[in-house]
Amino acid sequence: MSPVLKAQGLVHRYGDFRLEVPHLEVHPGEILAVLGPSGSGKTSLLRLLAGLLSPEEGQVEGKFRAYLPQTPPLLRRSVLENAAFGLLLRGVPRRQALARAAGLLKRVGLEGKARQPAHLLSGGEAVRLALARTLLVEPAALLLDEPTASLDPANTLKVEALLQEAARGGRGVVLATHDLFQVRRLAHRVVFLFQGQVVEEAPVDRFFQSPKDSRSQAFLEGRLLP
Ligand SMILES: Nc1ncnc2c1ncn2[C@@H]1O[C@H](COP(=O)(O)OP(=O)(O)OP(=O)(O)O)[C@@H](O)[C@H]1O
């Protein structure tokens, strides 16, 4: 099956910081976790993969990609209007867009809040809304930056279930996270970054059971400093 996302020879610099990703592919149905200490380049990589940041070298090829920042921006409109926003932007007739958005709000457990202003949502609800809005436009690849960083365990599990469902539906999911338990629960494969370099890329079980690089091992044991 052809990848939903393919990056080759990526180089991006911020002053002294250099991010280098020689090769990366994400396949339909796959959840790829991007791990690394703070400042290792996870957000920058996601933004490059999403096409929001232009690499100095290399290229990213991919089908329709959607990026979800850690704190997704919401419009000062109702929850339902926010959910429907992507569809309305794409010219879907209003009535149809709102009906589809209402259906997805139900799936993310927000149907009771549809008429409420979105800015009144809790952090967990806001992430679920942003995810609903993104899923509605049916991206081939979802790029998520620490989507559950500020969520309680119940909301975390809800978001994880949505991501698994998205992957089962054939999307490729790239997830930057500091939550190693989450990686074990969700990911099929891991890319481990350190100081902008891909130190290790491995199937999730292999990465946790026998990391090949001493820096991966130190990271998993909480001994690696940025
Ligand atoms: N717009 C920017 N301008 C200058 N430097 C930047 C910019 N964005 C990121 N950086 C630097 O690039 C490096 C990687 O940052 P990035 O946010 O990608 O790391 P990260 O792994 O996502 O970190 P964290 O886990 O803390 O979110 C850091 O040294 C950061 O200071």
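Both counts, for ligands and for their atoms, begin at 1 and track the order of listing. Keep in mind that what you see is a predicted model, and the values were worked out from it rather than measured.
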Looking only at protein heavy atoms, which one is nearest to [atom], and what is the separation?
| atom | value |
| --- | --- |
| atom 16 (P) of ligand 1 | Ser44 OG, 3.7 Å |
| atom 19 (O) of ligand 1 | Gly41 N, 3.3 Å |
| atom 26 (O) of ligand 1 | Ser38 OG, 2.5 Å |
| atom 17 (O) of ligand 1 | Thr43 CB, 3.6 Å |
| atom 11 (C) of ligand 1 | Tyr14 CD1, 3.8 Å |

Looking only at side chains, do Gln59 and Gln8 share a donor and an acceptor under 3.5 Å apart?
no

In terms of side-chain heavy atoms, does Glu146 have a donor or acceptor partner in Thr177 at a distance below 3.5 Å?
no

Ligand 1 atoms in contact with [X] (distance to a heavy atom under 4.0 Å):
| X | result |
| --- | --- |
| Gly39 | 13 (C), 14 (C), 19 (O), 20 (P), 21 (O), 23 (O), 24 (P), 25 (O), 26 (O), 28 (C) |
| Glu146 | 25 (O), 27 (O) |
| Pro37 | 21 (O) |
| Lys42 | 18 (O), 19 (O), 20 (P), 21 (O), 22 (O), 23 (O), 24 (P), 25 (O) |
| His178 | 25 (O) |

Check this for me - ligand 1, Phe17, N or O atoms closer than 3.5 angstrom, yes or no?
no

Any side-chain hydrogen bond (donor to acceptor under 3.5 Å, both in side chains) involving residues 28-41? Give me the pairs, sequence neighbours left out, ordered by first then second residue.
Glu30-Arg189

For residues Phe192 and Phe219, establish whether the separation of their ring centroids is below 6.0 Å.
yes

In a check of side chain to side chain donor-acceptor pair (under 3.5 Å) between Glu200 and each of Arg215, Arg206, Lys212, which one passes?
Arg206

Does some non-hydrogen atom of the protein lie less than 4.0 angstrom from atom 9 (C) of ligand 1?
yes

With a 4.0 Å cut-off, strictly under, does atom 31 (O) of ligand 1 pick up any protein heavy atom?
no

Less than 4.0 angstrom from a charged side-chain N to a carboxylate O is my criterion; do Glu111 and Lys113 meet it?
no

Check ion pair Glu81-Arg94 (N to O, under 4.0 angstrom):
yes

Go through Glu165 and Arg107 one step at a time and tell me if the salt bridge (Lys or Arg N to Asp or Glu O under 4.0 Å) criterion holds.
CA-CA 11 Å; Glu165 193 182 319; Arg107 278 189 24 226; 2.6 Å; yes

Worked verdict on Gln182 versus Thr156 for side chain to side chain donor-acceptor pair (under 3.5 Å)
CA-CA 9 Å; Gln182 177 167 74; Thr156 296; 5.7 Å; no

